[in-house]
Amino acid sequence: MQLYKTQHLKVYNSLSGQKELFTPIHEGAIGMYVCGPTVYSNVHLGNCRTFMSFDMIFRYFKHLGYKVRYVRNITDAGHLENDADDGEDKIAKKARLERIEPMEVVQRYTVDFHTILQKFNFLPPSIEPTATGHIIEQIEIIKEILNKGFAYEVNGSVYFDVPKFNETHNYGKLSGRKLEDMIANTRELAAQDDKHSPQDFALWKKAEPQHIMRWPSPWGDGFPGWHLECTAMSTKYLGETFDIHGGGMDLKFPHHECEIAQAEASNGASPVNYWLHANMLTMNGKKMAKSTGNNILPDEIFSGNNSILSKAFTPTVVRFFMMQAHYTSILDLSNDALLASEKGFQKLMEALSAIDKLETGASSDFDFTAWQQKCYDAMNDDFNTPTLIAHLFEAVKHINAIKEKKEAISEADKTLLKETFNAFIFDILGLEDKNDANSDSDKLSGVVALLIQLRKEARDNKDFATSDIIRDQLAALGIQLKDGKEGTTFSIS
RNA sequence: GGCAUUGUGGCCGAGUGGCUAGGCAGAGCUCUGCAAAAGCUUGUACAGCGGUUCGAAUCCGCUCGAUGCCUCCA
């Protein structure tokens with residue numbers, strides 16, 4: 001059955017600035033494009049947050065029964081470092097610094113990107129196209145824009161004519177900018193520039209002799225402009241108008257604004273119905289960015305090898321931390337926040353594992369069907385994962401009460417509870433119940449189990465000196481024993 | 001300077017014109033040989049100053065602060 005027929009989803013559309021009822025162009029099917037990474041260095045945690053937000057969105061669409069074509073590109077053609085003529089593309093620069101082929105840089109960091117996302121339990125997109133694999137498509141779009149008169153060629157480069165475009169279209173409608181204001185606020189620089197207007201942007205740049213990444217084109221050897229690849233690839237795989245375009249908030253202007261302009265100039269149609277923007281992850285209150293050095297790598301968190309965190313955190317805890325904030329809000333990373341998330345996540349997992357053991361009765365004291373709908377309502381309200389998680393914790397309270405026989409649950413509700421928990425926690429939020437430490441080594445588990453047994457015997461004999469030695473020595477090794485009604489379990493920190 | 005977003009209890013972080021967010025920490029309790037773990041209970045916060053309203057943390061204005069974009073950036 002298709003849930004989307006009964007669950008009505010609202011999304012915040014950056015284009016309108018409002019939450020809108022989501023209706024795909026083709027019933028039951030969704031086309032979604034998300035701007036992927038530029039693979040010139042290791043993906044940092046801030047990058048991951050954006051992709052994780054859209055991974056969650058992708059997962060929810062699938063859960064609702066939509067057929068989704070999710071396209072997330074790899075930018076491997078490099079972007080210009082700056083707008084001046086001597087701009088150098090990032091990948092070429094990195095290649096020169098490291099004395100390797102540009103495609104070697106691309107390969108290295110593409111692999112890193114995929115490895116990290118896998119650790120975070122990402123679902124792979126339907127298509128992951130690369131910019132260099134779509135040079136021909138990009139050239140075709142440039143030709144079309146030139147034909148329509150919205151671009152001009154200068155010295156082997158082609159620029160998009162923003163003022164001309166703005167005469168008949170609305171440049172700035174996504175970011176809420178007005179061309180007049182932009183012109184009025186233009187900084188005075190770029191003395192020797194081929195561009196007619198500072199607002200114009202490159203569709204094709206002439207490659208200087210020393211430039212490594214280059215392709216032949218009708219305008220000579222060069223490379224595509226910064227915004228073109230997304231237009232080319234989204235159009236190719238999703239059509240001239242598609243449902244959702246996502247990306248980080250920092251891409252809204254100029255990148256996405258230019259995408260709209262390119263698409264409208266080349267084929268006349270507005271390319272995207274719903275623009276979704278994920279907000280930034282900050283650290284110490286500042287945006288994470290490769291360029292400023294204010295960032296942390298995922299592996300530095302997983303290993304605990306960094307200066308801001310007191311310990312290591314697993315990928316799923318980091319994911320839970322991020323899901324506790326709404327994707328459109330700025331989220332600040334800190335040790336305390338991560339610690340809080342870790343404890344909360346453990347609590348959730350313990351409740352989940354307790355469900356199976358719950359004894360059922362004739363009826364339930366809690367309306368689990370209504371509760372389940374509240375979970376959906378949260379997600380239907382622009383993917384409100386923090387509210388969803390609050391509802392999950394509400395259920396945790398009832399699970400514990402049932403466990404202690406203070407409340408009752410019916411067999412049917414127990415099944416519903418289990419299915420709902422699994423669906424939201426694993427399928428939608430993408431979390432994993434990995435007790436890394438415990439599953440680490442069967443031998444270790446066996447040894448600890450043996451020690452637990454010896455300690456139990458000592459305690460039964462009231463030999464507390466021995467039992468406390470076992471407990472304290474294990475604790476010193478980072479193995480904590482947890483005495484419960486059903487016996488003793490342990491966790492490794 | 002321009003555009004945009006934002007300011008919630010010790011920390012993180014939702015939300016809404018009047019009805020408990022949630023997590024963590026803290027406090028109390030239960031359990032325990034003692035602890036730990038676990039569970040239960042507990043907090044009336046919404047930058048400041050005005051205004052609209054029967055009623056605003058939620059709407060409007062101003063002040064102050066923060067962040068993002070305006071050059072590549074998730």
K287(A) has a side chain; which of C69(B), A37(B), G39(B) sits nearest to it? C69(B)
From C40(B), C73(B), G22(B), pick the nucleotide closest to the side chain of T38(A)? C73(B)
To the nearest angstrom, how far is [X] atom [atom1] from [N] atom [atom2]?
X       : N      : atom1 : atom2 : answer
K93(A)  : C72(B) : NZ    : P     : 14 Å
E407(A) : C40(B) : CD    : P     : 10 Å
F253(A) : A4(B)  : CZ    : P     : 13 Å
L297(A) : A74(B) : CG    : P     : 14 Å
F490(A) : A35(B) : CZ    : P     : 25 Å
Y12(A)  : U6(B)  : OH    : C1'   : 12 Å

Whole-angstrom distance between [N] and [M], as gauged at atom [atom1]:
N      : M      : atom1 : value
G17(B) : C46(B) : C1'   : 14 Å
U63(B) : C40(B) : C1'   : 46 Å
C12(B) : U52(B) : P     : 35 Å
A45(B) : G68(B) : P     : 31 Å

Which residues share a side-chain contact (heavy atoms from CB on, under 4.5 Å) with [X], sequence neighbours left out:
X       : result
T132(A) : D76(A), A77(A), M103(A), T130(A), M213(A), W215(A)
L297(A) : N42(A), H44(A), E300(A)
R177(A) : S175(A), M182(A), F253(A)

Take the angle between the ring planes of [X] and [Y] and call it parallel below 30°, perpendicular above 60°, tilted in between.
X       : Y       : answer
F51(A)  : F113(A) : perpendicular
H277(A) : W275(A) : parallel
F368(A) : W371(A) : perpendicular

Protein heavy-atom contacts under 4.0 Å, written 5' to 3' over nucleotides 11-18 of chain B as B (base), S (sugar-phosphate only) or - (none), form the string -SSSS---
Using a 4.0 Å heavy-atom cut-off to protein, can you give one letter per nucleotide of nucleotides 26-34 of chain B, 5' to 3': B if the base is in contact, S if only the sugar-phosphate is, - if neither? ------SBB
So what does [X] touch, heavy atoms closer than 4.0 Å: a base, only the sugar-phosphate, or nothing?
X       : value
H44(A)  : base
L348(A) : nothing
K406(A) : nothing
G247(A) : sugar-phosphate
R177(A) : base
G172(A) : nothing
L339(A) : nothing

Pairing of [X] and [Y] as salt bridge, 4.0 angstrom limit:
X       : Y       : value
E180(A) : K178(A) : no
R59(A)  : D55(A)  : yes
D468(A) : R471(A) : yes
D299(A) : K119(A) : yes

Can you list every ring-ring contact (aromatic ring centres under 6.0 Å, His included) pair that touches residues 310-340 of chain A, not counting sequence neighbours?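 Counting only pairs at least two positions apart or across chains, the ring-ring contact (aromatic ring centres under 6.0 Å, His included) contacts touching residues 310-340 of chain A are F320(A)-F345(A).
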Using side-chain hydrogen bond (donor to acceptor under 3.5 Å, both in side chains) as the criterion, list what pairs up with S126(A), not counting sequence neighbours. none
All side-chain hydrogen bond (donor to acceptor under 3.5 Å, both in side chains) counterparts of K287(A), not counting sequence neighbours: D250(A)
Check the interface with nucleotides 41-44 of chain B: list each N/O to N/O pair with the protein under 3.5 Å, or write none.
none

Could you list all N or O pairs between the protein and nucleotides 7-9 of chain B that sit under 3.5 Å apart?
none

Both K343(A) and E394(A) contact RNA chain B. Which one's nearest nucleotide lies toward the 5' end?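 The residue whose closest nucleotide sits nearer the 5' end is E394(A).
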Taking the nucleotide of RNA chain B with the nearest heavy atom to each, does D250(A) or K286(A) sit closer to the 5' end?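 Nearest nucleotide further toward 5': that of K286(A).
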Using atom types as modelled, flag every donor-acceptor pair under 3.5 Å from a side chain in residues 330-339 of chain A to any protein atom, sequence neighbours excluded.
unit_1  : atom_1 : unit_2  : atom_2 : d
D332(A) : OD1    : T282(A) : OG1    : 2.6
D332(A) : OD1    : G285(A) : N      : 3.0
S334(A) : OG     : A337(A) : N      : 3.2
N335(A) : OD1    : S310(A) : N      : 2.9
N335(A) : OD1    : S310(A) : OG     : 3.3
N335(A) : ND2    : S310(A) : OG     : 3.0

Is K347(A) close enough to C24(B) that one of its side-chain N or O atoms is under 4.0 Å from OP1 or OP2 there?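 True: K347(A) side-chain N/O within range (under 4.0 Å) of C24(B) OP1/OP2.
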Can a side chain N or O of K252(A) be found less than 4.0 Å away from OP1 or OP2 on G68(B)?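 Answer no for this pair, as no side-chain N or O of K252(A) is under 4.0 Å from OP1 or OP2.
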Apply the ring pair (Phe, Tyr, Trp, His ring centres under 6.0 Å) test between F160(A) and each candidate in W204(A), F201(A), W226(A); give the one that qualifies.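 Filter result, single survivor: F201(A).
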With hydrogens left out and only the distance checked, is there a donor-acceptor pair under 3.5 Å joining K90(A)'s side chain and the base of C72(B)? yes
Should the heavy atoms of other residues, nucleotides or ligands under 6.0 Å from NZ of K397(A) be counted, would the total exceed 12?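 Not more than 12 within 6.0 Å, no.
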With a 4.5 Å cut-off on side-chain heavy atoms, are K414(A) and L417(A) touching?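 They are not in contact (no side-chain heavy atoms under 4.5 Å apart), so the answer is no.
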Minimum side-chain heavy-atom gap S234(A)-P271(A) below 4.5 Å: no
How does RNA chain B read in dot-bracket, base by base from 5' to 3', with Watson-Crick or G-U pairs under 3.5 Å and | used when the partner is on another strand? (((((((..(((.....[...))).(((((.......)))))....(((((..]....))))))))))))....
